[in-house]
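Numbering starts at 1 and runs along the sequence shown. In this text the structure is predicted, and so the values were computed from the model without any measurement.
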Amino acid sequence: MYQEAIEKAVNQYRELLLSQVDRAEKLNAQKAQEKKDKIVIGVVGGDGIGPIITAQAQRALEALLKDEIQAGKIELRAIEGLTIENRLAVSKAVPDDVLAAIKACDVLLKGPTTTPSGGELLESANVALRRELDLFANVRPVSVPEQGIDWMFFRENTEGEYAIGGKGIEIPGLLTMDFKVTTVAGTRRIARAAFEYARKNGKTHVAIVTKSNIMKKTDGMFSILCREIAAEYPEIQTDEYFIDIMSANLLKPNMRSQLQVFVMPNLYGDILTDEAAQIQGGVGTAGSANTGDHYAMFEAIHGSAPRMIARGMGDYANPESILRAAVMLLRHIGMPEKADKLDAAITATAINAPITGTKEGNTCQGFGDALVKALQ
Ligand code: IPM
Ligand code: MG
């Protein structure tokens, strides 16, 4: 009865498998990045609260990088057109002209973009950009010094449940199937990034987070390869945890201060970093770096908050998340002092001119005003 649908699904699966084999083979032949005289920072507003919060991060960067911009060493370049209206109009996660403009930059500061879920099959712009720019490491810091929390998450960012997330199979009226993809090269490079970070920053513990007892092939291999890399870092203690118990551990006071660096497949990283951000004060407070060998993209960890816009509260959105992303951007382009300066100014402004998400609290613009003052 389902013969035709099964035939179609098998053919689709064959195509998917071939495309992933091709991708995995290409991962083995990557080139290193050349050094540039001028760094172009693309600024993409995105949708919903995106343009509102990104504008304040742009102001902060303009203030901090005034001299470098004047000397032509850094350019802040606005990139228009990555909006849900444009993407739906051309049925592309990232319209071609926007992608070309993005690829002409070295790093990106990006506001959140709206992702239609379910039926409408437009892929997430985030996911498309991570894939197109091969941004394999999603690096998310979370810190609550008074609770001894100083965490760095390394979330694999181009594979797992996201690699072909929009291309699942359906036997109408009967079942659906999605796919999870883990490559050898893709796992080794995220594991390497996590352990290198740990070594360079004097960290003594790395937690591998999987569900390898259930996802035996994909997480099973992720776990084995991470342990292989771990063996090259004997000074670092490595433990594997399943994602469910790790979600609990983040809430356990005596475990929190022991955890330092985490490495995990894509979807677990997506979920666990929202939990971690909430422990820090909310997803509105957490920034995120997406890095690869050629490009890097810095963004808030949250979405475009359409509900906030619908309630007319967009102007009260918290820009802290994207500002923390700007801190990571500055560190990435080799400006650690400016990064520290911005970091300290954000922390001070969050205390002196706090956003509450209500009309009684500060506006996003007001936060930006106070921040720019704090930077002077
Ligand atoms: C994130 C976001 C994205 C993701 C969405 C917007 C596609 O939740 O960066 O964590 O799932 O990766
Ligand atoms: Mg997320």
Side-chain angles (χ1 to χ4, degrees), residues 35-45 50 52-78 105-111 139-146 149-153 197 200-203 276-277 280-291 296-302 317-355 361-376:
K35 206 130 179 61
K36 302 244 172 83
D37 297 334
K38 178 181 170 183
I39 300 168
V40 180
I41 304 173
V43 181
V44 183
I52 300 169
I53 60 172
T54 308
Q56 300 312 319
Q58 176 163 353
R59 275 177 82 192
L61 285 180
E62 274 163 1
L64 271 163
L65 299 170
K66 203 163 85 221
D67 296 344
E68 291 77 4
I69 292 172
Q70 243 161 31
K73 290 201 169 116
I74 290 187
E75 180 189 337
L76 286 184
R77 187 182 291 173
C105 301
D106 301 297
V107 296
L108 277 190
L109 182 70
K110 183 190 145 295
V139 186
R140 298 183 160 177
V142 163
S143 110
V144 189
E146 58 279 15
I149 294 176
D150 181 14
W151 296 332
M152 191 61 89
F153 293 87
Y197 170 84
K200 287 199 183 115
N201 291 278
K203 303 289 177 190
Q280 175 180 264
V283 292
T285 66
S288 164
N290 300 263
T291 62
M297 175 171 91
F298 300 82
E299 60 184 358
I301 81 162
H302 56 77
N318 191 351
E320 187 173 341
S321 51
I322 194 146
L323 284 163
R324 299 281 182 201
V327 170
M328 299 180 86
L329 185 154
L330 289 166
R331 209 155 269 142
H332 180 84
I333 62 174
M335 298 186 162
E337 292 88 15
K338 288 190 197 290
D340 289 343
K341 187 171 172 190
L342 179 57
D343 207 31
I346 301 167
T347 303
T349 307
I351 295 166
N352 302 332
I355 299 252
N362 205 350
T363 59
C364 189
Q365 170 88 32
F367 190 97
D369 292 343
L371 181 72
V372 169
K373 249 196 217 123
L375 286 172
Q376 273 156 10

All side chain to side chain contact (heavy atoms under 4.5 Å, CB included) counterparts of [X], not counting sequence neighbours:
X	answer
Ala277	Val283, Ala286, Ile301
Ala317	Ile49, Ile53, Met308
Asp340	Arg331

Answer with yes or no whether the side chains of Thr291 and His332 bring together a donor and an acceptor at under 3.5 Å.
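No, because no side-chain N or O of His332 sits under 3.5 Å from a partner of the opposite role on Thr291.
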Given Val43, Ile41, Leu108, Val40, the one that forms side-chain contact (heavy atoms from CB on, under 4.5 Å) with Arg77
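Checked Val43, Ile41, Leu108, Val40 against Arg77; only one passes side-chain contact (heavy atoms from CB on, under 4.5 Å): Val40.
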Say you draw a straight line from [atom1] of [X] to [atom2] of [Y]; how long is it, rounded to the nearest 0.5 Å?
X	Y	atom1	atom2	result
Leu330	Met335	CG	CE	7.5 Å
Ser321	His302	OG	NE2	3.0 Å
Ile333	Ile39	CD1	CD1	4.5 Å
Ile69	Asp67	CD1	CG	9.5 Å
Leu61	Ile74	CG	CD1	8.5 Å
Met328	Ile322	CE	CD1	12.5 Å

Taking all non-hydrogen atoms of both residues into account, name the closest pair between [X] and [Y] and its distance.
X	Y	answer
Gly45	Thr54	O-OG1, 3.6 Å
Ser288	Arg140	OG-NE, 3.1 Å
Leu109	Ala57	CD2-CB, 3.7 Å
Gln280	Ser143	OE1-N, 2.9 Å
Val142	Ile149	O-CG2, 3.9 Å

Answer yes or no: is there a donor N or O on one side and an acceptor on the other, between the side chain of Asn362 and the main chain of Pro354, under 3.5 Å?
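Not confirmed, Asn362 side chain does not pair with Pro354 backbone.
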Quick one: salt bridge (Lys or Arg N to Asp or Glu O under 4.0 Å) partners of Lys38, sequence neighbours excluded?
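By the salt bridge (Lys or Arg N to Asp or Glu O under 4.0 Å) rule, Lys38 matches Glu75.
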Please name all residues satisfying side chain to side chain donor-acceptor pair (under 3.5 Å) with [X], sequence neighbours left out, ordered by chain then number.
X	value
Asn290	Arg130, Asn138, Asn157, Glu299
Thr363	none
Asp150	Lys203

Pairs in or reaching into residues 317-328: which pass salt bridge (charged side-chain N to carboxylate O under 4.0 Å, His left out), with residues at least two apart or in two chains?
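Qualifying pairs: Glu320-Arg324, Arg324-Asp343.
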Name every donor-acceptor pair, under 3.5 Å, that has one atom in a side chain of residues 364-376 and the other anywhere in the protein, sequence neighbours excluded.
from, atom 1, to, atom 2, distance (Å)
Asp369, OD1, Arg59, NH1, 2.9
Asp369, OD1, Arg59, NH2, 2.9

